[in-house]
Asker: 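Supplied in structure tokens, the structure appears directly below.
Lettering follows sequence order; numbering is per chain, from 1.
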Amino acid sequence: MHDKSSSSASAPRVRFAPSPTGFLHVGSARTFIFNWLYARHNRGTMVFRLDDTDVERNTDASVQSILEGLRWLGLDWDEEFKQSERLALHRSAAHAIFDRGLAYRDFTPAHAAEGEASSAQGAWLFNPGMRELSRDESDRRAAAGEPFALRYRVPRNEGRIVQFNDAVYGEMAKPSDEIEDFALLRSDGNPTYHLSSCVDDADLRITQIIRGQDHLTNTFKHVLIFEGLNAQPPQFAHLPLLVAPDGAKLSKRKHGSVVSVTTYRDAGFLPEAFINFLCLLGWSPKNDLEFMPISQLTELFTLEGVNRSNAVVNFSEESPFDPKAVHLNGEHLRALSVDDLSARLQPFFDQAGLNASPEKLREVTPLIRERIRLMSEAPAAADFFFLDQLPPYDPAELIPAKGADAAMTLRVLQHAQQILAAVPEWNHDSLDKALREAAATLGLKAGPMFQPIRVAVCGRKNAPPLFETMTVLGREICLDRIQKAEAKMAEI
RNA sequence: GUCCCCGUCGUCUAGCCCGGCCUAGGACACCGCCCUUUCACGGCGAUAACACGGGUUCAAAUCCCGUCGGGGACGCCA
């Protein structure tokens, strides 16, 4: 490629522009991820821009919470901006549009036309009388201190069609007659979202706007603003929405904490698994691949792979997380090295108050990694490795469902205790050998032989493989627990 | 209400643009079998979808029209 367009076809610049009015939710996270993937795939620039023009609703806690969510995802950005620090630019842009005659002052008091029949009778387009105000009268009233909002003078009755080409939805067109005279400046002089967003996108030389489909119809207004700014609009790419099982757009208010990314973090999702899951919602590499590390997602991501229909994120009271996300997490968990997984599991054990030393946890990790799908499940799956005292369990559990009765169970325990006290070496192979021989001696199959021991040692029926478990636990603890089990048997 | 978008297994999706290779592929979930000292992991298999109605065509999931259904946007919120 050495044509003359090489300079204009420079590296793409994309942005993620959250407004700090709540925690980072999964829909926003996906938008961020797609932007990031696009930037990295095309060796472009990722811009983080805080769209904090709504002073009323913005909170610092929200900013922190969004950053916390993004930090967890582990995806970076190259440039950072805050809209609240760029208000002067937005205002002067508004004035420039006004000076070009593309906007007018609207002295109608705020919220004047709210409620009533206005919304029932079709779309509102503009407040009567304001469009036609002469420049002189407009100036006079403004000078007199009468508050006004600045509105875009959308072309009327000119047969004008506003259009743009969306990278996902294709050719979009709408008669300007159907677009309302949206506000650029509020009566307090502050810019609206539409204005700030477009002015910044133009000023920051954003080349692709990748955002939720809920902005699809707003885009016509944005095209008009770019026009008023004398700027070339970026390419738009709208993403299908993430919806709840009830079909409605995911919202913090309606669906609660299940839409917050920190909820996934706290439940023990791996960020790479969460990202993988989100990517599969509304995008596909089209080759049946589903398990993908971030490097591969980056390599495969293109806007052509984005589809157009909304995707359901499944969650319910019983299972708060989409089963596919959980499954994917299990796969990513198992793809980690034991050292890595062990380190990531540590906080979950600490939080559970299990006092797990890194060394011990490192030994336990291989025994549970195929048995958990969320890291939060780990403490419950491995608590008996770290507890001095086994939690109480039903002695009846000691008795196998088939192959041995209570009397035989007691014999198994007693015999095992003798054998285990005498095994020369406390490792997998000698335990295996000794206990299988013991089973033969008692005339039992492996199952009925191992079950009582497993329950005695772990305090439950379902546990990791017996010999590995006993090896990690050590002889002393095993013998002690078997001893206690015998005592329990006596209770029956 | 007005405008816009969408509609393939329960869910995420491939296929649709460039009609035949689709007796519609993959994944999750569910069920069954195998592996196995339990639970898992893994392997194998089963059930399961082109919203509906018209057209165009030798041929339609794929093209056209309509209907219905779902979602979104219509704010001096973002």
Side-chain angles (χ1 to χ4, degrees), chain A residues 17-21 51-54 56-58 106 108-114 117-125 147-151 166 169-170 172-175 178-180 182-194 196-197 212-221 238 240-241 243 245 247-249 277 280-291 307-314 319 322-328 330 334 368-373 381 400-401 432 435-436 439 445-451 453-455 458 460-467:
Chain A
S19 59
T21 55
D51 279 10
D52 55 351
T53 51
D54 186 0
E56 305 268 308
R57 301 200 307 159
N58 293 166
D106 181 349
T108 312
H111 312 299
E114 226 162 60
S118 60
S119 61
Q121 309 295 351
W124 170 93
L125 289 176
F148 63 86
L150 193 71
R151 288 187 185 282
D166 191 275
Y169 288 90
M172 302 291 299
K174 186 175 201 166
E178 291 170 8
I179 302 169
E180 74 276 12
F182 53 92
L184 261 19
L185 248 30
R186 306 187 185 113
S187 48
D188 62 5
N190 284 320
T192 61
Y193 158 77
H194 297 303
S196 301
S197 178
Q213 193 232 52
D214 44 354
H215 281 296
L216 195 55
T217 48
N218 282 334
T219 305
F220 295 105
K221 297 171 196 165
H238 288 90
L241 261 23
V243 301
K249 177 167 80 153
F277 169 67
L280 262 16
L281 262 23
W283 173 80
S284 158
K286 310 207 183 290
N287 59 2
D288 290 344
L289 255 184
E290 300 218 324
F291 174 86
N307 59 282
R308 283 171 283 276
S309 43
N310 294 170
V312 175
V313 178
N314 278 305
S319 52
D322 194 301
K324 192 155 185 169
V326 175
H327 175 266
L328 232 23
R334 276 174 258 124
I368 58 169
R369 76 145 132 197
E370 262 129 42
R371 268 156 272 267
I372 56 170
R373 291 179 306 166
D432 187 323
L435 288 174
R436 282 186 202 278
K445 288 187 165 187
M449 177 73 203
F450 298 161
Q451 167 89 343
I453 304 174
R454 175 180 302 109
V455 175
C458 305
R460 71 174 74 132
K461 287 191 216 167
N462 299 339
L466 188 55
F467 311 132

Asker: Contact class for Met449(A) (heavy atom, under 4.0 Å): base, sugar-phosphate, or nothing?
Answerer: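 Met449(A): no heavy atom of the nucleic acid under 4.0 Å.
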
Asker: Is the side chain of Thr219(A) donor-acceptor paired with the backbone N or O of Leu216(A) at a distance under 3.5 Å, no angle test?
Answerer: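 Looks like yes, one N/O pair under 3.5 Å.
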
Asker: For His238(A), report the nucleic acid contact type (base, sugar-phosphate, nothing); a contact means any heavy atom under 4.0 Å.
Answerer: nothing

Asker: Strictly below 4.0 Å, N to O, side chains only: are Glu180(A) and Arg151(A) in salt-bridge contact?
Answerer: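 Looking at Glu180(A) and Arg151(A), the cut-off is not met.
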
Asker: Whom does C31(B) pair with, Watson-Crick or G-U wobble, provided both distances fall under 3.5 Å?
Answerer: G45(B)

Asker: Strictly by Watson-Crick or wobble contacts shorter than 3.5 Å, is anything paired with U62(B), and which nucleotide is it?
Answerer: none

Asker: So what does Ala446(A) hit on the nucleic acid, given a heavy-atom distance under 4.0 Å: a base, only sugar-phosphate, or nothing?
Answerer: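 Sugar-phosphate contact only.
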
Asker: Using a cut-off of 4.0 Å on non-hydrogen atoms, how would the nucleic acid contact of Arg308(A) be classed: base, sugar-phosphate, or nothing?
Answerer: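 Arg308(A): backbone/sugar contact only, no base atoms under 4.0 Å.
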
Asker: If I pick the C1' atom on C34(B) and the same atom on A24(B), what distance separates them, to the nearest angstrom?
Answerer: 29 Å

Asker: Return the value, rounded to whole Å, for the distance between atom CZ of Arg436(A) and atom P of U36(B).
Answerer: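 Nearest whole value for this atom pair: 10 Å.
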
Asker: Please step through side-chain contact (heavy atoms from CB on, under 4.5 Å) for the pair Leu281(A) and Asp322(A), ending with a clear verdict.
Answerer: CA-CA 11 Å; Leu281(A) 262 23; Asp322(A) 194 301; 5.7 Å; no

Asker: Provide the distance between the two P atoms, one in C74(B) and one in C16(B), to the nearest whole Å.
Answerer: 34 Å

Asker: Return the nucleotide paired to C3(B): Watson-Crick means purine N1 to pyrimidine N3 with N6-O4 or O6-N4, wobble means G-U with N1-O2 and O6-N3, both under 3.5 Å.
Answerer: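 Check on C3(B): paired to G72(B), both distances under 3.5 Å.
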
Asker: Asn218(A) has an atom CG; how far is it from atom C1' of A73(B), in whole Å?
Answerer: 6 Å

Asker: On a whole-Å scale, what distance lies between the P atoms belonging to C31(B) and U2(B)?
Answerer: 47 Å

Asker: U36(B) P sits how many Å from Asp432(A) CG, rounded?
Answerer: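 Taking atom P of U36(B) as the reference, CG of Asp432(A) is at 14 Å.
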
Asker: Quick one: closest heavy-atom pair of Ile453(A) and Leu435(A), and the distance?
Answerer: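 What the structure gives for the nearest pair is CD1-CD2, 3.8 Å.
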
Asker: Which of these nucleotides, C76(B), C3(B), C5(B), is closest to any side-chain atom of Ala183(A)?
Answerer: C76(B)

Asker: Taking atom P in both A14(B) and C58(B), what distance in whole Å separates the two?
Answerer: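 Here A14(B) and C58(B) have their P atoms 32 Å from each other.
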
Asker: So does Lys445(A) have more than 12 non-hydrogen atoms from other groups sitting under 6.0 Å from NZ?
Answerer: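 No - once you tally the heavy atoms of other residues, nucleotides and ligands closer than 6.0 Å, there are 12 at most.
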
Asker: Regarding Pro464(A), tell me which of base, sugar-phosphate or nothing describes its non-hydrogen contacts under 4.0 Å with the strands shown.
Answerer: base

Asker: Starting at CG of Leu328(A) and ending at P of U11(B), how long is that distance when rounded to a whole Å?
Answerer: 19 Å

Asker: Do Val313(A) and Val243(A) come within less than 4.5 Å of each other through their side chains, counting heavy atoms only?
Answerer: no

Asker: Take atom P in G71(B) and the same atom in A60(B), then report the distance between them in whole Å.
Answerer: 33 Å

Asker: Could you tell me the separation between the CG atom of Leu435(A) and the C1' atom of U38(B), rounded to a whole number of Å?
Answerer: 15 Å

Asker: List, with names and distances, any nitrogen or oxygen atoms from the protein found under 3.5 Å away from nitrogen or oxygen atoms belonging to nucleotides 12-14 of chain B.
Answerer:
| unit_1 | atom_1 | unit_2 | atom_2 | d |
| --- | --- | --- | --- | --- |
| C12(B) | OP1 | Val312(A) | N | 2.9 |
| C12(B) | O2' | Leu280(A) | O | 2.7 |
| C12(B) | O2 | Lys324(A) | NZ | 3.0 |
| U13(B) | OP1 | Gly282(A) | N | 2.4 |
| A14(B) | OP1 | Lys286(A) | NZ | 2.7 |

Asker: Applying a 4.0 Å non-hydrogen cut-off, can you work out what Pro465(A) is touching in the nucleic acid: base, sugar-phosphate, or nothing?
Answerer: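 Base, at least one base heavy atom under 4.0 Å.
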
Asker: Lys461(A) has an atom NZ; how far is it from atom P of U38(B), in whole Å?
Answerer: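 Distance check: Lys461(A) NZ to U38(B) P gives 13 Å.
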
Asker: Please give the distance between the P atoms of U8(B) and A46(B) as a whole number of Å.
Answerer: 25 Å

Asker: NA contact type, Leu241(A), heavy-atom cut-off 4.0 Å: base, sugar-phosphate, or nothing?
Answerer: sugar-phosphate

Asker: With sugar-phosphate meaning primed atoms plus P, OP1 and OP2, does Lys445(A) contact a base, only sugar-phosphate, or nothing at under 4.0 Å between heavy atoms?
Answerer: nothing

Asker: Within this structure, what is the CG-to-C1' distance between Asp322(A) and A29(B), rounded to whole angstrom?
Answerer: 10 Å

Asker: Of Glu180(A) and Thr21(A), whose closest RNA chain B nucleotide lies nearer the 5' terminus?
Answerer: Glu180(A)

Asker: Once you apply a heavy-atom cut-off of 4.0 Å, does Phe467(A) come out as touching a base, just sugar-phosphate, or nothing?
Answerer: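 Touches a base.
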
Asker: Measure CE/Met172(A) against P/A73(B) and give the value in whole Å, please.
Answerer: 14 Å

Asker: Using atom C1' of each nucleotide, how far apart are A51(B) and U57(B) to the nearest Å?
Answerer: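 Rounded to whole Å, the distance is 23 Å.
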
Asker: What's the shortest heavy-atom distance between Ala183(A) and Thr192(A), and which atoms?
Answerer: O-OG1, 3.0 Å

Asker: Got a donor-acceptor contact below 3.5 angstrom from the Tyr193(A) side chain to the Thr53(A) backbone?
Answerer: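 Checking the backbone N and O of Thr53(A) against the side chain of Tyr193(A), no donor-acceptor pair under 3.5 Å is found.
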
Asker: Check whether any side-chain nitrogen or oxygen of Lys249(A) sits under 4.0 Å from OP1 or OP2 of A73(B), and answer yes or no.
Answerer: yes

Asker: I want to confirm an ordering. Mapping Asp214(A) and Glu178(A) to their closest nucleotides on RNA chain B, which one lands closer to the 5' end?
Answerer: Glu178(A)

Asker: So which nucleotide from C3(B), C74(B), G72(B) ends up closest to the side chain of Gln213(A)?
Answerer: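 My answer, after comparing the listed nucleotides, is G72(B).
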
Asker: Can you tell me how far the OG1 atom of Thr217(A) sits from the NZ atom of Lys174(A), to the nearest 0.5 Å?
Answerer: 5.5 Å

Asker: Would you list the protein and nucleotides 42-52 of chain B atom pairs, both N or O, that sit under 3.5 Å from each other?
Answerer:
| unit_1 | atom_1 | unit_2 | atom_2 | d |
| --- | --- | --- | --- | --- |
| G42(B) | OP1 | Arg334(A) | NH1 | 3.2 |

Asker: Distance check, P atoms only: G32(B) and C41(B), in whole angstrom units.
Answerer: 15 Å

Asker: Would you call Phe182(A) and Asn218(A) a side-chain contact if the rule is heavy atoms closer than 4.5 Å?
Answerer: no

Asker: Keeping the roles fixed (side chain from Asp166(A), backbone from His238(A)), state whether a donor-acceptor pair exists under 3.5 Å.
Answerer: yes

Asker: Can you confirm whether Asp51(A) sits close enough to Ser196(A) that some side-chain heavy atom of one is under 4.5 Å from a side-chain heavy atom of the other?
Answerer: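 Heavy-atom side-chain distance check fails, nothing below 4.5 Å.
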
Asker: Assign Ser197(A) to base, sugar-phosphate, or nothing according to its heavy-atom contacts below 4.0 angstrom with the strands shown.
Answerer: nothing

